[in-house]
Number of protein chains: 2
Amino acid sequence: MRLRQLECFRALMLHGTMTRAAELLGMSQPGISTMIAGLEHETGLTLFLRRGGRLQPTPEAKLFYVEAARALEAVENASRVAAEIRSGRRGHLAIAAYPSISIKLLPRLLSQFARDRPELQVKIITRNSATVRELVSTQQFDLAVAELPLDYPTSHMEVFSYDCMCMLPHAHPLAKLKQITPDDLDGVPFVTLFRGDPIYQQLASAFSEYGARWNVVAETEFFSTACQLVAEGRGVGIVDPVVSKPFTEGLAIRPFRPRIQYQIAILSPTHEAPSQMAQDFVKLLRRALRA
Amino acid sequence: MRLRQLECFRALMLHGTMTRAAELLGMSQPGISTMIAGLEHETGLTLFLRRGGRLQPTPEAKLFYVEAARALEAVENASRVAAEIRSGRRGHLAIAAYPSISIKLLPRLLSQFARDRPELQVKIITRNSATVRELVSTQQFDLAVAELPLDYPTSHMEVFSYDCMCMLPHAHPLAKLKQITPDDLDGVPFVTLFRGDPIYQQLASAFSEYGARWNVVAETEFFSTACQLVAEGRGVGIVDPVVSKPFTEGLAIRPFRPRIQYQIAILSPTHEAPSQMAQDFVKLLRRALRA
DNA sequence: GTCCATTATAGCAGATTCGTATAGTCGTCC
DNA sequence: GGACGACTATACGAATCTGCTATAATGGAC
């Protein structure tokens, strides 16, 4: 059974005569005739009665038509889906990401991305960076975003480095400084990430290097939590300038010296090539993370 | 998009290598190769990555596979349905029939008919004979069975004539006779069809011809109702020997003279050729009505 | 009877399909 | 590192299929 036969059959059922069906399909009447003859021969069904040079569909033709039309639609649908995939309107994105970026930046980028992709399905799994790094190897994600360092080096990985900024309430006396150093923060209540975090290590070294007293009053797991504590006046702290930006509205942000480096990476599963969709989204994400 | 391309694609997705897919489809490996290349070219999708002489399906291929498989199934289903139609296992029968035959004989024949036709859909519309005769012209039925006479002669019509039999309780004194005439029924309580029915006319003539008194104690619309009245001892009556047979179990049935003729007909719509299914069922019905 | 609309058949050119032969690529085993 | 095995890609030719034009055949309308 060939598709062209089914198309001719459908056109013929819909338009009554071979001549009209031929016009509709942009082919000649004899073409239709042989197609239908072939279909009848192959199915073994008498689809039309030839009465006085005219065609009359048999009850069998009407029964078969239902299935033929359904089959054609399925094929046409497959064709349409192929076009949607090609143009990037259809696909799915499964993303594993660490919390701070999952809360604001990623949803924002994804909804922007989905705007002209009507058939896009999105899945975001939020885990702490360590877990995200493990998940990458399960190959169940198109994409992952985690903070460095990585325990295992992953082949496809794109690193983004930031110098952390000092954040403090606008009303804070130090907010008038252009740049802040550990000296300025000697004994000042400070909100930081947990002791195990690279940020903690770097801050500890920085304060000790400057001979300043680091007055830690709160430790949090995420920058976003730290931001909120600072906003509430609990102390000052440092954040990355990009991912955490949405959380620092209403706070003063100043450069901090010495450099406290914060690194995140876009990770791609190694076994499989990324989908076009994933590549497109990475472009958008990359632009946002470079900003 | 050609079916063969989709078949090759499916086999390749299912079996991993072109070589194996080719074996499964009974064709050569280069054949698969060109088919896949054609499909990739036509859809514009990169379905497989060629890595070291091996194929690896892209995420796009996995997305497209779902639709491709669905389309193939739909076509294969159409093909199967065609075979079912050809072999008479699939189809529908819309039958209009008058009540007496709708109650027992038709359901019995239809369930027998359906036994080896798993996909048969049956519709029985029960109306009195006059309405059935009108319905035939609406062309909505494959088949109709009505009592004669017809108001309009219908072109396709097959008539069955019966001599009515006298029915009476086994305990009735007349049950010992081999044959019954109006003389025997002089003044005997009698159950008959309505006054408008040809049966009524014929009976009236018969009794008057024999100079016997016709003692009508009940008039019914259907033979089946009359049978039940006779079974209840309300009187004696006459019935046709075939269609009403299921209703006369437990009653004595004797030939009646003079002949009271009862005629029914199988009617076929004229505009359209009957389906193979309908023709097959008519064969069965004809055998039953001839018996 | 002639005209008109329709379907069917024949013959041909071009496209498609699919086989064989063969080359290229990569991993593995010795 | 070289031979082997498993796989894919390309070239080319034969067979088939497709779909065209030309034309015959049929039957209804006037």
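For the numbers below, each heavy atom of this structure counts, side chains included, while hydrogens, waters and symmetry mates do not. None of the values given here were measured: they were computed from a predicted structure.
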Would you check if Leu25(A) and Arg4(A) make a side-chain contact, meaning some heavy-atom pair closer than 4.5 Å?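 Heavy-atom side-chain distance check passes, below 4.5 Å.
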Would you check if Leu110(B) and Phe281(B) make a side-chain contact, meaning some heavy-atom pair closer than 4.5 Å?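 Yes, close enough: below the 4.5 Å cut-off.
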Short question: side chain of Glu40(A), backbone of Phe48(A) - any donor-acceptor pair under 3.5 Å? yes
So, Ser79(B) side chain and Val75(B) main chain: donor-acceptor pair closer than 3.5 Å or not? no
With a cut-off of less than 4.0 Å, is there a side-chain N or O of Ser28(A) near OP1 or OP2 of dC20(D)?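 Checking dC20(D) against Ser28(A), a side-chain N or O does come within under 4.0 Å of OP1 or OP2.
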Would one find a side-chain N or O of Ser33(B) under 4.0 angstrom from OP1 or OP2 of dT8(D)?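 Answer is no, no contact under 4.0 Å.
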Nearest-0.5 Å distance that lies between atom NE2 in His92(A) and atom NZ in Lys123(A): 8.5 Å
Rounded to the nearest 0.5 Å, what separates atom CG in Leu47(B) from atom CZ in Phe9(B)?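 Taking CG in Leu47(B) and CZ in Phe9(B), the distance rounds to 5.0 Å.
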Quick one: label Gly26(B) by what it contacts on the DNA or RNA (base, sugar-phosphate, nothing), any heavy atom closer than 4.0 Å.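 The answer is sugar-phosphate, as Gly26(B) gets under 4.0 Å only of primed atoms, P, OP1 or OP2.
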Here's a test of your reading of the structure: between Ala37(A) and Gly31(B), which maps to the more 5' nucleotide of DNA chain C?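 First, find each residue's nearest nucleotide; the 5'-ward one identifies Ala37(A).
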Where along nucleotides 10-16 of chain C does protein come under 4.0 Å, by heavy atom, of base (B) or sugar-phosphate alone (S), with - for untouched nucleotides? ------S
Scan side-chain atoms only and decide if Asn77(B) and Glu73(B) contain a donor-acceptor pair under the 3.5 Å cut-off. no
Evaluate Arg80(A) against Glu84(A) for salt bridge (Lys or Arg N to Asp or Glu O under 4.0 Å), listing each step before the verdict. CA-CA 6 Å; Arg80(A) 213 193 54 241; Glu84(A) 285 179 2; 3.7 Å; yes
Which whole-number value in Å describes the distance from [X] [atom1] to [N] [atom2]?
X        : N       : atom1 : atom2 : result
Glu40(A) : dA8(C)  : CD    : C1'   : 12 Å
Leu39(A) : dG19(D) : CG    : C1'   : 17 Å
Leu49(A) : dG27(D) : CG    : P     : 14 Å
Leu25(B) : dT17(C) : CG    : C1'   : 14 Å
Gln5(A)  : dG19(D) : CD    : P     : 10 Å
Gln29(B) : dT10(D) : CD    : P     : 11 Å
Phe48(A) : dT7(C)  : CZ    : C1'   : 12 Å
Arg50(A) : dA8(C)  : CZ    : P     : 5 Å

Report each atom pair, protein N/O against N/O of nucleotides 4-7 of chain D, whose distance is under 3.5 angstrom.
from: dA6(D); atom 1: N3; to: Arg54(B); atom 2: NH2; distance (Å): 3.4

Determine the minimum heavy-atom distance between Pro107(A) and Ile101(A), stating which atoms define it. CD-O, 3.9 Å
